[in-house]
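The structure appears right after this line, and notes come after that.
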Amino acid sequence: MENVVLIIHLLLALGLIGVVLLQRSEGGGLGMGGGGGAVSGRAAATALGKVTWILAIAFICTSIALTIISARNSASSSVLDRLGNAPAAATETSDPAGSDLLPPSTDDSAPLVPRAD
């Protein structure tokens with residue numbers, strides 16, 4: 001169910017982007033450059049404007065639906081609950097000095113720690 005709503009949500013987002021890009025520019029940002037634009041009274045509703053509103057409302061509805069589905073799926077679990085089920089820490093090895101981190105020596109008489117001679 002979540003995947004279906006997510007795919008519809010993505011298609012609505014792509015459709016909304018396409019419809020907004022197809023709309024006619026109002027002649028400069030926020031009506032600058034003359035001609036009224038967004039500052040003047042309400043313009044006549046075009047078909048692309050109506051489609052934009054429909055897609056925007058559908059996009060918001062799918063966003064809310066995805067939020068509800070996500071909240072319902074995660075309602076039974078908590079981060080604190082998952083901390084209690086964490087695997088135990090790694091146990092100590094038989095060599096507590098940590099010699100497994102040192103490079104292998106060529107002979108047994110070589111010192112384990114470099115000398116400052």
Side-chain angles (χ1 to χ4, degrees):
M1 177 73 177
E2 184 177 3
N3 289 335
V4 173
V5 176
L6 184 61
I7 290 172
I8 293 171
H9 186 71
L10 293 175
L11 290 175
L12 286 171
L14 291 175
L16 190 58
I17 290 170
V19 170
V20 167
L21 289 176
L22 285 175
Q23 289 182 8
R24 187 180 72 114
S25 174
E26 294 292 327
L30 296 176
M32 290 185 239
V39 179
S40 66
R42 183 175 172 168
T46 62
L48 283 177
K50 291 178 182 179
V51 171
T52 302
W53 275 105
I54 292 170
L55 288 176
I57 291 169
F59 182 83
I60 291 171
C61 290
T62 56
S63 297
I64 293 171
L66 284 171
T67 303
I68 292 170
I69 291 171
S70 175
R72 185 177 299 150
N73 289 344
S74 66
S76 62
S77 66
S78 171
V79 175
L80 296 177
D81 293 339
R82 284 185 245 151
L83 287 177
N85 297 336
T91 59
E92 283 281 325
T93 59
S94 61
D95 187 13
S99 65
D100 57 337
L101 299 177
L102 297 173
S105 61
T106 57
D107 62 319
D108 292 332
S109 65
L112 292 177
V113 181
R115 297 181 356 170
D117 293 348

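Sequence positions, counted from 1, serve as the residue numbers for this chain.
Scored by the side chain to side chain contact (heavy atoms under 4.5 Å, CB included) test, I69 finds M1, E2, V5, N73 as partners (sequence neighbours excluded).
I54 and I64 sit in two unconnected hydrophobic clusters of ILVMFWY residues. Membership requires side-chain heavy atoms under 4.5 Å apart, directly or through other members.
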Please tabulate, for side-chain N and O atoms in residues 6-14, each donor-acceptor pair with protein atoms closer than 3.5 Å (sequence neighbours left out).
from: H9; atom 1: ND1; to: T62; atom 2: OG1; distance (Å): 2.6

Please report, to 0.1 Å, the donor-acceptor pairs under 3.5 Å made by any side chain of residues 16-23, with sequence neighbours excluded.
from: Q23; atom 1: NE2; to: L48; atom 2: O; distance (Å): 3.3
from: Q23; atom 1: NE2; to: T52; atom 2: OG1; distance (Å): 2.4

